[in-house]
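Starting off with a structure, shown below.
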Amino acid sequence: MHDTVIRGGTIVDGTGKPGYTGDVALEGGKIASVGGKAGPGKREIDANGLLITPGWVDVHTHYDGQATWDPVLAPSSWHGVTTIMFGNCGVGFAPVRNEDHSSLIGLMESIEEIPGIALAEGLKWNWETFPQYLDALDQMPRAIDIAAQIPHHPLRVYVMGDRAINREPATADDIAAMRDAVRAGLEAGAFGFTTSRTNSHKTPQGEMVPGRYSEVQELLGIGSAFKGLNYGAFGVNSDFDDEKVELEWMTKLGQNTGRPVWFLLTDRPNDTVRWKRLMAGVHKARSQGAMVTAQIAGRPVGVMLGIDTALNPFSIRESYQALLKLPAEERIKRMQDPAFRAQVLSEAPSPDLLRRLSQFRQYITTGWDRMFPMGDPPNYEPEAGESIAAIASRSNHSPDEVAYDYLATGADKFLYFPIVGYNESNHDIIRMMLTDDATILGLSDGGAHCSSIVDASVPSWMLIHWARDRTRGEKLPLELMVKRQTSETANFFGFHDRGVLAAGKKADVNVIDYDALRLHIPEVRYDLPMGGRRLVQRVDGYRNTFMSGVSTFENGQYTGATPGRLVRAGRV
């Protein structure tokens, strides 16, 4: 008798082939059978009219700290994600010396906007090296499986000290020490190494991160740690200051090691050409024997602007500053006072406050044509005519009046600001990327940008938007959307025991009411350690999620089960 039989559902197995009706039987933590009529089960689930899919494998999150204290890792786990990977963008918490604890917290807070007070309270620091960090993660039971990559910035500081912080070139001895540390981490079970070469990542002091200008010889030297291994990938977040040079060293690294090299790719505002050049470079590298891949986002990376988020259009005005220390309810009450409204609207953005913001954040707080009122359920592909600027042009009000009056109605009101991935005011470029087999889906950023962005819901949204609800362009097959976040992400990074519904594979399974699948509007919570703030987003439609055959979520509620574990590369 099987442990569980899921009967009569539409099986979308993660391979990309058309869905079909049948049973899925789970036994001993693995899938016993798929399709046809299974034998009896101790528990049987009627899946008639429902989807049965593999659990989602999300390879771009930032739960590096949260995974050391939180067994649930929401909101990702709410959305059918059964495996997550962190250590992305070159940031993390190992290796580390005692004297550098606070600087790594500051770096993570600055780059990934995770509250420093939560990290300082939650992190136990019962490790120094990366293998010890993995051992610490391995001690904790959890709802979902986790995996880690080795981040460049803490590694560089660990080896080079202040010289890394000052961004001095690495010596041959430095490179050898970093290579050896990466090799030790890979042999202990890390799934790869990541670095960051972008001006958007800065320290709390406004300086560039330690690895920003690392020379090619340093990157190639570190990358040589992958030689001889049949697992592990090298990840890069780059501004592509010199596209030719960047693509050349990535190609060389892929050729030298035989391992995948991936970089983050999004289209940017007013940029309809750069991403095409970079994708052409990817295909050229592949033709030369290097598995270079672009990791892409399935929807625009969008900032939430609200009363209780990190930014809104009025947080750069002097009068509004007096509200920032008040609870959200008090802020709203003050904003609804006509005299206060008139005062704020009479003010221009403060030059001093603007100077404190990066150029990027200045753009977010002043780009009325890129701000859209977010409804419930949220619309992530609004038309240009729905922007604050367009609404204002059709009325007798200025854009800031329209935005102010909308936000002042409640803390559950948000303006959605798509930063990247929204050229031509639609998702057509993302669609082209999603249909290119030289890309891999990522960039959900679960656990990061806690007060600005909540894209951990992307796994659910891929089905809702691309396969079911899109109206402003062509949809994509449901089977492809499942494949892109199961077998493709799993196989790319070496999770070979999961990602498809097949006999003998790990029993990570979602049972989904596809017709009822629906995202809720994001909400702000203060439930991180020390009351740290974060945005979360709920979803309807997940009937069951199984991890290793154990029921972890039922009708959106956590069961309390902890079958999850640390997954070590080379062991699956």
Side-chain angles (χ1 to χ4, degrees), residues 1-58 72 76-83 141-145 459-460 463 467-468 478-479 481-483 485-487 489-491 495-517 539-565 567 572:
M1 179 174 284
H2 302 300
D3 295 331
T4 302
V5 177
I6 307 166
R7 292 206 182 275
T10 300
I11 298 168
V12 181
D13 64 8
T15 65
K17 73 180 183 181
Y20 58 96
T21 300
D23 299 347
V24 176
L26 315 180
E27 190 171 334
K30 296 185 181 297
I31 297 172
S33 66
V34 179
K37 182 74 172 177
K42 298 172 186 175
R43 179 184 183 186
E44 300 207 359
I45 295 173
D46 180 5
N48 182 43
L50 307 179
L51 288 181
I52 310 173
T53 75
W56 314 133
V57 179
D58 187 344
V72 180
S76 291
S77 59
W78 298 343
H79 291 269
V81 176
T82 52
T83 305
R142 51 190 80 247
I144 64 177
D145 280 355
S460 302
L463 278 63
R468 193 189 71 190
L478 172 65
E479 291 83 359
M481 293 302 91
V482 171
K483 180 187 178 188
Q485 52 191 342
T486 55
S487 65
T489 46
N491 291 338
F495 298 94
H496 298 304
D497 63 344
R498 68 198 70 195
V500 295
L501 299 179
K505 294 291 187 180
K506 193 168 177 288
D508 296 351
V509 182
N510 284 318
V511 182
I512 302 169
D513 186 340
Y514 184 45
D515 292 337
L517 199 59
V539 62
D540 294 334
Y542 285 89
R543 291 289 187 85
N544 303 86
T545 296
F546 291 91
M547 264 291 307
S548 296
V550 177
S551 178
T552 50
F553 287 86
E554 298 184 0
N555 294 315
Q557 299 301 310
Y558 177 46
T559 66
T562 54
R565 61 186 175 89
V567 187
V572 294

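What's counted below: heavy atoms across the whole structure, side chains too, no hydrogens, waters or symmetry copies.
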Please name the pair of heavy atoms, one in R498 and one in K505, separated by the smallest distance, quoted to 0.1 Å.
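Heavy atoms only, the tightest pair is N-CD, 4.3 Å.
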
So, for G499 and A490, which heavy atoms are closest and what is the spacing to 0.1 Å?
CA-CB, 4.2 Å

If you round to the nearest 0.5 Å, how far is CG of D508 from CE of M547?
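So the CE of M547 and the CG of D508 are separated by 4.5 Å.
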
Do D145 and R565 have side chains that get closer than 4.5 Å, going by heavy atoms?
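Yes; the side chains approach each other to less than 4.5 Å.
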
Going by the rule side chain to side chain donor-acceptor pair (under 3.5 Å), which residues pair with R43 if we only count those two or more places apart in sequence or in a different chain?
E554

Check side chain to side chain donor-acceptor pair (under 3.5 Å) between T4 and all other residues, then give those that pass, not counting sequence neighbours.
none

For A503, which residues count as a side chain to side chain contact (heavy atoms under 4.5 Å, CB included) partner, sequence neighbours excluded?
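Here no residue qualifies.
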
Using the test ring pair (Phe, Tyr, Trp, His ring centres under 6.0 Å), find all partners of F495 that sit at least two apart in sequence or belong to another chain.
F191

Using side chain to side chain contact (heavy atoms under 4.5 Å, CB included) as the criterion, list what pairs up with P40, not counting sequence neighbours.
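Only M1, E44 meet the side chain to side chain contact (heavy atoms under 4.5 Å, CB included) criterion with P40.
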
Are T552 and I144 close enough, and set up right, to give a side chain to side chain contact (heavy atoms under 4.5 Å, CB included), and what steps lead you there?
CA-CA 8 Å; T552 50; I144 64 177; 5.9 Å; no

Side chain to side chain donor-acceptor pair (under 3.5 Å) partners for D497, two or more places apart:
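For D497 there are no side chain to side chain donor-acceptor pair (under 3.5 Å) partners, ignoring immediate neighbours.
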
Between K506 and T82, is a side chain to side chain contact (heavy atoms under 4.5 Å, CB included) present by the stated rule, with each step listed?
CA-CA 11 Å; K506 193 168 177 288; T82 52; over 6 Å; no

Do you know which two heavy atoms are closest between V511 and L50, and how far apart they sit?
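Closest approach of V511 to L50, heavy atoms only: CG1-CD1, 3.7 Å.
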
In chain order, what residues pass the salt bridge (Lys or Arg N to Asp or Glu O under 4.0 Å) check against D58, with sequence neighbours excluded?
none

If the condition is salt bridge (Lys or Arg N to Asp or Glu O under 4.0 Å), which residues does D513 pass it with, not counting sequence neighbours?
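Counting only residues at least two positions away or on another chain, D513 forms a salt bridge (Lys or Arg N to Asp or Glu O under 4.0 Å) with R543.
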
Over all atoms of both residues, closest heavy-atom pair of V57 and T489:
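Taking every non-hydrogen atom into account, O-OG1, 2.9 Å.
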
According to side chain to side chain donor-acceptor pair (under 3.5 Å), who are the partners of S77, at least two apart in sequence or on a separate chain?
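Not a single residue meets the side chain to side chain donor-acceptor pair (under 3.5 Å) criterion with S77.
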
All heavy atoms of D13 vs all of P54, minimum pair found to be O-CG, 3.4 Å

If you round to the nearest 0.5 Å, how far is CD1 of I45 from CG of L26?
8.0 Å

N555 CG to T545 OG1 distance, which is reported to the nearest 0.5 Å:
10.5 Å

What's the separation between atom CD1 in I52 and atom CG in N510, rounded to the nearest 0.5 Å?
11.0 Å

Starting at CE of M481, measure out to CZ of R468 and round the result to the nearest 0.5 Å.
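Separation between the atoms: 14.5 Å.
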
Can you find a pair of side-chain heavy atoms, one from T10 and one from Y514, that are under 4.5 Å apart?
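They are not in contact (no side-chain heavy atoms under 4.5 Å apart), so the answer is no.
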
Can you pull out every side chain to side chain donor-acceptor pair (under 3.5 Å) where at least one residue sits in residues 45-57? Sequence neighbours excluded, please.
W56-Y542

Least distance between heavy atoms, K483 atom then G14 atom
CG-O, 3.4 Å

Gap between atom CG of L463 and atom CG of L51 - 0.5 Å precision:
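Separation between the atoms: 7.0 Å.
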
Can you tell me which residue pairs pass the side chain to side chain donor-acceptor pair (under 3.5 Å) test with a partner in residues 23-40, sequence neighbours excluded?
H2-E27, R7-D23

With sequence neighbours left out, the residues meeting side chain to side chain contact (heavy atoms under 4.5 Å, CB included) with A143 are Y558

Would the distance check show the side chain of E479 and the main-chain N or O of G19 forming a donor-acceptor pair, the cut-off being under 3.5 Å?
yes

